[in-house]
Enquirer: 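Sharing a structure with you now.
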Amino acid sequence: MVKPSIPKGTRDFAPTEMIRRNYIFDTIKAVFKKHAFLPIETPSMENLSTLMGKYGEEGDRLLFKVLNSGDFKQGVDFENLTSNQLTSKICEKGLRYDLTVPFARYVVQHQAEISFPFKRYQMQPVWRADRPQKGRYREFYQCDVDVIGSTSLLNEAELMQITDEIFTSFGIPVVIKINNRKILSGIAEVVGEADKLTDICTAIDKLDKIGKEKVCEELKERGLSCEAIGKMDPFFCFCGSNEEKLAQLDKVFANSEIGLKGLSEIRQMLAYAAQMDIKAEIELDITLARGLNYYTGAIFEVKAQNVSIGSISGGGRYDDLTGIFGLKNMSGVGISYGAERIYDVLNELNLFPTNIDSPIKALFINFGEKEELYALKGLQALRQAGIASELYPEKAKIGKQMTYANAKAVPFVIMAGADEIAENVYTLKDMNSGEQRKLNIAEIREIIAATL
RNA sequence: GCGAUUGUAGCUCAGUUGGUUAGAGUACCGGAUUGUGGUUCCGUGGGUCGUCGGUUCGAAUCCGACCUGUCGCCCCA
């Protein structure tokens with residue numbers, strides 16, 4: 001006997017969980033569609049050459065690699081190769097790590113068929129060989145929207161609007177944090193460490209988590225001069241409204257062209273957003289850096305208020321993701337919503353709508369051969385009215401059938417034995433109140449339909 | 001990849017310095033009750049004590065490795 005189990009960091013989803021997950025996907029998808037985005041899907045596996053080197057050293061380690069089919073041993077020197085070298089000999093495929101890189105590959109490969117700007121959405125699982133923790137899995141879903149082939153900041157603004165609409169639908173209060181890589185470049189330039197941009201980004205990103213002192217320590221470890229770290233001090237304590245922060249940055253960036261460009265982009269985004277009736281708070285946070293190093297412009301991160309769960313969404317603009325696949329001048333901007341994080345937030349805040357938990361509205365009790373034929377007629381009438389309903393497939397004891405209805409949270413049970421058949425009616429039982437009445441099927445249909 | 005911690009019935013957990021045949025609650029199934037569930041009572045079944053190895057006369061209990069879950073670090077949705 002094999003003990004049933006699934007790989008580390010993966011999960012089964014029970015019907016009750018799937019109903020809630022589908023609610024999340026459906027809600028997000030509805031907003032994407034309304035904003036004129038089109039769906040695509042890409043394969044679970046990509047060639048490793050597509051994936052490797054796009055996510056930094058750490059990312060390469062977290063890629064799941066797929067062993068070659070056939071005799072992968074042939075002609076490979078197992079003795080004298082390091083694990084990494086061996087991997088490249090015996091694996092040429094890997095599971096996708098995110099949806100953005102496969103999207104870039106898709107765009108280049110299908111550029112002739114696509115009309116740009118291309119607005120696509122994609123909701124599929126991704127895999128990371130990470131160590132599982134709370135809210136972190138090895139297989140999880142991302143819901144991505146991207147606009148590629150347009151540099152307009154209208155796109156950034158639209159992504160903020162989409163974010164706002166999605167989380168308004170969920171009833172989750174959020175803060176949309178924004179920043180711009182050009183501002184971070186400006187900071188690096190101003191403190192005289194322009195070539196250390198990546199190190200500055202990874203360190204500064206942790207400010208709210210580990211505090212200013214530890215960030216300075218890390219910057220030191222990463223090779224920044226004490227002088228430069230001292231100059232960064234003012235950037236750690238920007239406060240006030242977005243306008244106030246921008247005004248302060250204007251002064252600091254007086255001699256940094258790229259820094260000023262970042263500021264003007266933020267201003268333009270905010271100006272567009274102001275026309276879009278966005279309810280969520282939009283906060284300029286210059287310590288927001290995000291690990292992925294392909295971002296070149298705007299950066300987004302969405303945090304739910306009043307919960308301890310980390311970011312539930314993140315994204316940004318990338319100017320040259322398609323370059324490595326041979327297509328230049330194809331700037332894009334996108335954002336990704338983490339389905340399982342949103343699930344946890346909805347759960348914690350008790351925000352799942354209660355009406356989705358009873359997908360089956362009525363159960364016909366099976367009394368036997370003759371009675372089930374009569375029940376089938378009623379069942380048909382309800383289904384034609386779009387009411388999800390079923391007939392218990394066996395003549396089991398009534399108590400057992402009732403327990404079944406209870407376990408599935410079915411709100412109505414319908415019974416018909418010899419008496420009901422003679423009168424051409426059905427007994428409708430409301431499982432919440434326990435009340436039951438003899439009615440004809442049209443009346444039953446109306447009563448159930450009224451609860452939908 | 002590094003560190004800490006966890007694992008006993010489908011689920012939640014007892015189990016004495018290592019000592020007979022490993023228990024309870026709950027769920028399931030059957031009955032009390034052949035047209036009534038979410039509240040009763042009785043009964044049946046269900047365990048390679050995570051896996052493999054070691055110490056011992058004897059291991060659920062002690063030791064090691066691995067696997068799984070959880071929590072930090074790294075990184076990230």
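The analysis underlying the following values was restricted to heavy atoms, covering all of them including side chains, and did not include hydrogens, waters or symmetry mates. Note that the structure is a prediction, hence the values are computed from the model and not measured. Proteins get letters first, then strands, A, B, ... in listed order; numbering begins at 1 in each.
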Enquirer: Quick check: on RNA chain B, is the nucleotide nearest K400(A) upstream (toward 5') of the one nearest T427(A), or the reverse? Name the residue that is more 5'.
Expert: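 Checking each residue's closest nucleotide, the 5'-ward one belongs to K400(A).
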
Enquirer: Counting just side-chain N and O atoms, does K8(A) come under 4.0 Å of either OP1 or OP2 of U68(B)?
Expert: yes

Enquirer: So which of E372(A), E371(A), E394(A) actually passes side-chain hydrogen bond (donor to acceptor under 3.5 Å, both in side chains) with N366(A)?
Expert: E372(A)

Enquirer: Look at all strands and tell whether Y404(A) reaches a base, only sugar-phosphate, or nothing, counting heavy atoms closer than 4.0 Å.
Expert: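 No contact.
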
Enquirer: In terms of side-chain heavy atoms of K429(A), which of U36(B), G1(B), C71(B) is nearest?
Expert: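 Minimum distance to the K429(A) side chain belongs to U36(B).
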
Enquirer: Mapping T403(A) and S313(A) to their closest nucleotides on RNA chain B, which lands nearer the 5' end?
Expert: T403(A)

Enquirer: Students often get this wrong, so: under 4.0 angstrom with heavy atoms, is G9(A) touching a base, only sugar-phosphate, or nothing?
Expert: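 Sugar-phosphate contact only.
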
Enquirer: Base, sugar-phosphate or nothing for Q401(A)? Non-hydrogen atoms, less than 4.0 Å.
Expert: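 Nothing, no heavy atom under 4.0 Å.
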
Enquirer: For nucleotides C49(B) and U21(B), find the distance between their C1' atoms and express it as a whole number of Å.
Expert: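 Per the computed distance, 15 Å lies between those C1' atoms.
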
Enquirer: Determine whether a donor-acceptor pair (one donor, one acceptor, N or O, separation below 3.5 Å) exists between the side chain of R131(A) and the base of G3(B).
Expert: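 Yes, a donor-acceptor pair under 3.5 Å.
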
Enquirer: Among residues at least two apart in sequence or on other chains, which ones pass side-chain contact (heavy atoms from CB on, under 4.5 Å) with T10(A)?
Expert: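 Listed in chain order: I6(A), P7(A), E139(A).
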
Enquirer: Please verify the inter-ring angle class for Y294(A) with Y318(A); under 30° counts as parallel, over 60° as perpendicular, anything in between as tilted.
Expert: perpendicular

Enquirer: Determine the Euclidean distance between corresponding C1' atoms of G54(B) and G43(B); express it in Å to zero decimal places.
Expert: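 Per the computed distance, 44 Å lies between those C1' atoms.
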
Enquirer: If you check every side-chain atom of R136(A), which of A77(B), U33(B), C71(B) has the closest atom?
Expert: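 The answer is A77(B).
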
Enquirer: Measure from the side-chain heavy atoms of R222(A) and tell me the nearest of C75(B), C74(B), G37(B).
Expert: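 Of all the options, the side chain of R222(A) is nearest to C75(B).
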
Enquirer: Measure CG/D344(A) against P/C76(B) and give the value in whole Å, please.
Expert: 20 Å

Enquirer: Do K303(A) and E283(A) sit within salt-bridge range, that is, some charged N less than 4.0 Å from a carboxylate O?
Expert: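 No, this pair does not count.
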
Enquirer: Is the distance between the ring centroids of Y23(A) and F170(A) under 6.0 Å?
Expert: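 Aromatic pair counts; centres sit under 6.0 Å.
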
Enquirer: Under a 4.0 Å threshold between the charged nitrogen and the carboxylate oxygen, would E443(A) count as salt-bridged to R437(A)?
Expert: no

Enquirer: Who is the Watson-Crick or G-U wobble partner of G25(B), with both distances under 3.5 Å?
Expert: C11(B)

Enquirer: Heavy atoms only, 4.0 Å cut-off, all strands: where does G59(A) land among base, sugar-phosphate and nothing?
Expert: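 Counting heavy atoms under 4.0 Å across all strands, no contact is made by G59(A).
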
Enquirer: Of the candidate nucleotides U36(B), C71(B), G30(B), which contains the atom at the shortest distance from the side chain of Q133(A)?
Expert: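 Taking heavy atoms from C-beta onward, the closest nucleotide is C71(B).
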
Enquirer: Whom does G18(B) pair with, Watson-Crick or G-U wobble, provided both distances fall under 3.5 Å?
Expert: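 Looking at the geometry, G18(B) pairs with no nucleotide.
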
Enquirer: For the CD atom of E17(A) and the CZ atom of R11(A), what is their distance to the nearest 0.5 Å?
Expert: 8.5 Å

Enquirer: From the options G37(B), C75(B), G31(B), select the nucleotide whose nearest atom is closest to the side chain of K397(A).
Expert: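 Closest nucleotide to the K397(A) side chain: G31(B).
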
Enquirer: Contact class for E420(A) vs. all strands (heavy atom < 4.0 Å): base, sugar-phosphate, or nothing?
Expert: base

Enquirer: Could you let me know what G45(B) is paired to, Watson-Crick or G-U wobble, both distances under 3.5 Å, or none if it's on its own?
Expert: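 Per the H-bond distance test, none.
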
Enquirer: Which whole number of Å gives the distance between the C1' atom of G69(B) and that of U6(B)?
Expert: 7 Å

Enquirer: The side chain of S311(A) is closest to which nucleotide in this list: G37(B), C75(B), A77(B)?
Expert: A77(B)

Enquirer: Looking at G69(B), I'd like to know if its phosphate oxygens (OP1 or OP2) sit under 4.0 Å from a side-chain N or O belonging to K134(A).
Expert: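 Result: no.
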
Enquirer: Where the side chain of F367(A) is concerned, which of C75(B), C76(B), G35(B) is the nearest nucleotide?
Expert: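 Nearest listed nucleotide: G35(B).
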
Enquirer: With sugar-phosphate meaning primed atoms plus P, OP1 and OP2, does G417(A) contact a base, only sugar-phosphate, or nothing at under 4.0 Å between heavy atoms?
Expert: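 G417(A): base contact, heavy atoms under 4.0 Å.
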
Enquirer: Answer yes or no for this row: F140(A) ring on A77(B) base, centroids under 5.5 Å, planes under 30°.
Expert: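 Stack criterion met.
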
Enquirer: Which nucleotide, C75(B), G35(B), A77(B), lies nearest any side-chain atom of L62(A)?
Expert: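 Among the listed nucleotides, the one closest to the side chain of L62(A) is C75(B).
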
Enquirer: In whole Å, what separates the C1' atom of G10(B) from that of G72(B)?
Expert: 32 Å

